[in-house]
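Here is the structure we will look at, set down as structure tokens.
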Amino acid sequence: MAPFDPVSALAGGVLIGLASLLLLGGLGRIAGISGILGGALGRPDADTPWRLAFLLGLPAGFVLWAWLRGELPEVHLQTGWPGMLVAGAIVGFGTRLGSGCTSGHGVCGLARLSPRSLVATVIFMLTAAATVFLIRHVIGEGA
């Protein structure tokens, strides 16, 4: 695992906040990635172009950051593809169940002082902590 880099963490947080602010101020939309992705995968409508542009900006930001730093960050997956697929399915189910994801509730909802987003974010964080405990200390994978 790569050591913690406060510069890249701060830059990422600033860019997420800036993108959310621009989307809210410019189009009046909440930057919830799961909702944007869900809308982009549905029937094309007037919102499809900005949704696709927003989604394409996610990997473009990574490429830009890597280009500015002159190197790609090391990525170490601590589980195989089956684990990744199961984790993705669980996250997708939780996102649908919670009517939003961490970006929509945790970044935008908390910034708007939404009680629903506060509850959702607390549940996300508790579930993440329980999952890490289960995987590392009960199952023993990635310990």
Side-chain angles (χ1 to χ4, degrees), residues 1-2 4-136 138-139 141-143:
M1 178 179 290
F4 175 68
D5 179 4
V7 174
S8 64
L10 181 62
V14 168
L15 290 174
I16 290 170
L18 182 61
S20 299
L21 186 63
L22 288 174
L23 190 61
L24 183 62
L27 297 176
R29 303 292 181 154
I30 301 297
I33 303 304
S34 61
I36 293 172
L37 178 62
L41 295 176
R43 183 174 282 181
D45 60 14
D47 289 335
T48 299
W50 72 260
R51 290 176 190 273
L52 292 176
F54 195 92
L55 292 170
L56 289 174
L58 297 173
F62 171 77
V63 170
L64 177 63
W65 180 251
W67 179 73
L68 289 173
R69 300 223 26 187
E71 62 181 319
L72 290 174
E74 289 185 39
V75 177
H76 298 281
L77 300 177
Q78 296 185 1
T79 188
W81 282 107
M84 298 281 286
L85 290 174
V86 169
I90 292 172
V91 168
F93 176 76
T95 296
R96 280 300 208 187
L97 185 65
S99 298
C101 59
T102 52
S103 57
H105 283 301
V107 175
C108 299
L110 290 181
R112 294 177 24 236
L113 304 177
S114 166
R116 185 176 76 122
S117 291
L118 176 62
V119 171
T121 303
V122 167
I123 291 172
F124 292 155
M125 297 307 291
L126 291 175
T127 303
T131 301
V132 169
F133 180 81
L134 179 70
I135 296 295
R136 289 197 175 175
V138 176
I139 296 174
E141 183 176 322

[Y] and [X], any side-chain heavy atoms less than 4.5 Å apart:
X	Y	value
L118	T121	no
W50	R29	yes
I33	L58	yes
V107	T102	no
I36	L23	yes

For [X] and [Y], work out which heavy atoms get closest and say how close.
X	Y	value
T48	P44	OG1-CA, 3.3 Å
A31	S103	O-OG, 3.5 Å
A9	F4	CB-CE1, 3.8 Å

Would you give the length of the straight line joining atom [atom1] of [X] to atom [atom2] of [Y], rounded to the nearest 0.5 angstrom?
X	Y	atom1	atom2	result
I30	R112	CD1	CZ	4.0 Å
L22	F54	CG	CZ	9.5 Å
T127	L134	OG1	CG	12.0 Å
F62	L64	CZ	CG	11.5 Å
I16	L21	CD1	CG	13.5 Å
R51	D45	CZ	CG	6.5 Å

Side chain to side chain donor-acceptor pair (under 3.5 Å) against T131, all qualifying residues, sequence neighbours excluded: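 Residues passing side chain to side chain donor-acceptor pair (under 3.5 Å) with T131: none at all.
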side-chain contact (heavy atoms from CB on, under 4.5 Å) involving R116 - partner list, sequence neighbours excluded: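 R116 satisfies side-chain contact (heavy atoms from CB on, under 4.5 Å) with S99, H105, S114 once adjacent residues are dropped.
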Whether over 12 other heavy atoms sit under 6.0 Å from R69 CZ: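 It does: R69 CZ has more than 12 such atoms within range.
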